[in-house]
Amino acid sequence: MHQCYYCEQIFDSKEDLFQHAEIHSDTERNKENIDRQKKVTKN
């Protein structure tokens, strides 16, 4: 059993977990880019 550390969803295999984690990594990356753009426009 493997658990996603973002949303605590449980998966049977590492492969399922890795496929699921891609969703979070995409949203995290987008959020970081937006935060970075906000800082640039403020300065």
Please list every donor-acceptor pair under 3.5 Å in which a side-chain atom of residues 3-13 meets a protein atom from a residue at least two apart or in another chain.
residue : atom : partner : partner atom : Å
Gln3    : NE2  : Glu8    : O            : 3.2
Ser13   : OG   : Asp16   : N            : 3.2
Ser13   : OG   : Asp16   : OD2          : 3.3

To the nearest 0.5 Å, how far apart are CG in Asp35 and CD in Glu32? 8.0 Å
Please round to the nearest 0.5 Å and tell me the distance separating atom CG of Asp26 and atom NZ of Lys31. 13.5 Å
